[in-house]
Amino acid sequence: MAYGVSFAFGLALGLLGIAAIASLPDPPLAADPERRGLGSLLTLPFKDRRFRPVFIFVSCWSFVNHLATPFFIVYMLGQLHLSLGTTMLFTALSQ
Amino acid sequence: MTQVCFAGRWGRLADRYSSRVVMAACIPFIRWANAGWLFLRLPEPHVFTLPLLAAIQVATGMAMSGMRLAVANVTLKLSPSTHAHIYAGVVDIVAGLAGAIAPIAGGWLADFFIQQHFEVIVSWTGPLQSMGFHVLSIQGLNFVFLIAAFCGAITLQCLNLIDEPGGQSQGLDATYRGVQPTG
């Protein structure tokens with residue numbers, strides 16, 4: 001029941017977030033002069049030699065970041081024997 | 001809480017120097033925070049466990065806010081204005097794929113290291129009394145945290161590949177080892 005209420009509260013806040021984003025001003029994007037298709041657009045950044053290092057860095061960073069992060073809560077609960085409330089308190093501290 | 005507090009400060013630093021400098025400052029924080037998890041159990045939780053955990057979480061949050069800001073900044077700076085949204089989207093796809101593989105790799109590593117145990121014990125033996133205490137006790141998930149801390153060094157090196165336009169990073173490059181001036 002407690003988890004259900006938490007998820008419902010999260011869903012409600014998420015929907016509120018969507019409504020807030022929808023109300024933001026959204027200037028129209030500049031039209032692509034070459035009228036490329038979706039596949040061509042998605043491969044465009046990979047063809048940009050100057051931008052390729054960003055992909056190398058971002059994939060490396062994302063891998064390193066997600067290698068350990070998902071296990072922090074598991075470790076706090078299972079290895080440090082902290083309560084769920086204390087674990088969430090420490091998690092909130094890093095947000 | 002920490003990310004909310006520090007985002008503005010990182011923003012000012014990025015404006016003054018460059019996003020690369022922000023990333024070069026944040027990655028070591030993440031590395032040290034990952035390494036800090038090794039000392040939370042020696043081999044059981046101890047009196048400094050909670051203060052150390054709080055420090056680790058603050059350092060992680062502080063660095064994460066800087067990284068989010070700097071990665072988005074670099075992406076936008078290096079994207080052509082007509083296709084910035086495509087570039088940002090593809091960067092998120094690539095980051096998402098790497099981020100999806102990483103926990104699976106972490107899980108495999110944790111399974112592999114679950115039976116392994118490395119410990120460093122300092123002991124003193126005298127005629128009247130003997131004493132000893134753990135300096136380090138690494139087991140299971142601790143190995144994953146240690147590997148993540150090491151991999152942070154590779155990330156720092158990858159930062160050198162990025163040629164950020166308008167970056168004034170040379171003044172601080174000497175401070176953060178591993179970041180070489182570009183151009």
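The sequence lines fix the lettering, A, B, ..., with proteins before strands; numbering per chain opens at 1. None of the values given here were measured: they were computed from a predicted structure.
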Worksheet entry | chain B contact via A/Phe51 - which portion, at a heavy-atom distance below 4.5 Å | side chain
Practice prompt. Using the side-chain contact (heavy atoms from CB on, under 4.5 Å) rule, pick out the option among B/Leu42, B/Val122, B/Ile121 that qualifies with B/Phe133.
Written response: B/Val122
Practice prompt. Would you check if the distance from the ring center of B/Phe118 to the ring center of B/Phe143 is below 6.0 Å?
Written response: no
Practice prompt. Among the options B/Gly140, B/Gly99, B/Pro45, B/Ala148, pick out the one with the most heavy-atom pairs lying under 4.5 Å from chain A.
Written response: B/Gly99
Worksheet item: Taking every heavy-atom pair that is under 4.5 Å apart, which of B/Ala102, B/Ser81, B/Ala98 has the most such pairs with chain A?
Response: B/Ala102
Fill in: Between B/Val91, B/Val4, B/Val74, B/Thr82, the one whose heavy-atom pairs under 4.5 Å with chain A are most numerous
B/Val91
Practice prompt. Answer with side chain, backbone, both or neither: which region of A/Phe46 has an atom nearer than 4.5 Å to a non-hydrogen atom of chain B?
Written response: side chain
Fill in: Within 45° cone of A/Phe55 ring axis and under 6.0 Å: A/Arg52 NZ or CZ
no
Item to complete: On the 0 to 90° scale, with breaks at 30° and 60°, tag the B/Phe145-B/Trp37 ring pair as parallel, tilted or perpendicular.
Response: tilted
Worksheet item: How many angstroms lie between atom CD1 of B/Ile104 and atom CG of B/Leu109, to the nearest 0.5 angstrom?
Response: 12.0 Å
Item to complete: Please flag which part of B/Met62 lies under 4.5 Å from any non-hydrogen atom of chain A: side chain, backbone, both or neither.
Response: neither
Worksheet item: Considering only heavy atoms, which portion of B/Thr75 lies under 4.5 Å from any heavy atom of chain A: side chain, backbone, both, or neither?
Response: both
Worksheet item: If you measure from CE on B/Met64 to SG on B/Cys26, what distance do you get to the nearest 0.5 Å?
Response: 9.5 Å
Discussion item. Please identify, among A/Pro53, A/Pro45, A/Gly78, A/Ser62, the residue contributing the most non-hydrogen atom pairs under 4.5 Å to chain B.
Written reply: A/Pro45
Item to complete: Select one option (side chain, backbone, both, neither) describing which atoms of B/Leu141 are under 4.5 Å from chain A's heavy atoms.
Response: side chain
Item to complete: Identify which part of B/Leu78 has an atom lying under 4.5 Å from any heavy atom of chain A, answering side chain, backbone, both or neither.
Response: both
Fill in: Partner chain B: residue of A/Val54, A/Leu80, A/Thr43, A/Leu42 with the largest heavy-atom pair count (under 4.5 Å)
A/Leu80
Practice prompt. Using a 4.5 Å cut-off on heavy atoms from C-beta on, say whether the side chain of B/Ile147 contacts that of A/Leu67.
Written response: yes
Worksheet item: Does any donor atom in the side chain of B/Gln139 or B/Arg41 lie under 3.5 Å from an acceptor atom in the other side chain?
Response: no
Practice prompt. Measure distances from B/Leu50 to the heavy atoms of chain A and classify the residue's part below 4.5 Å as side chain, backbone, both or neither.
Written response: both
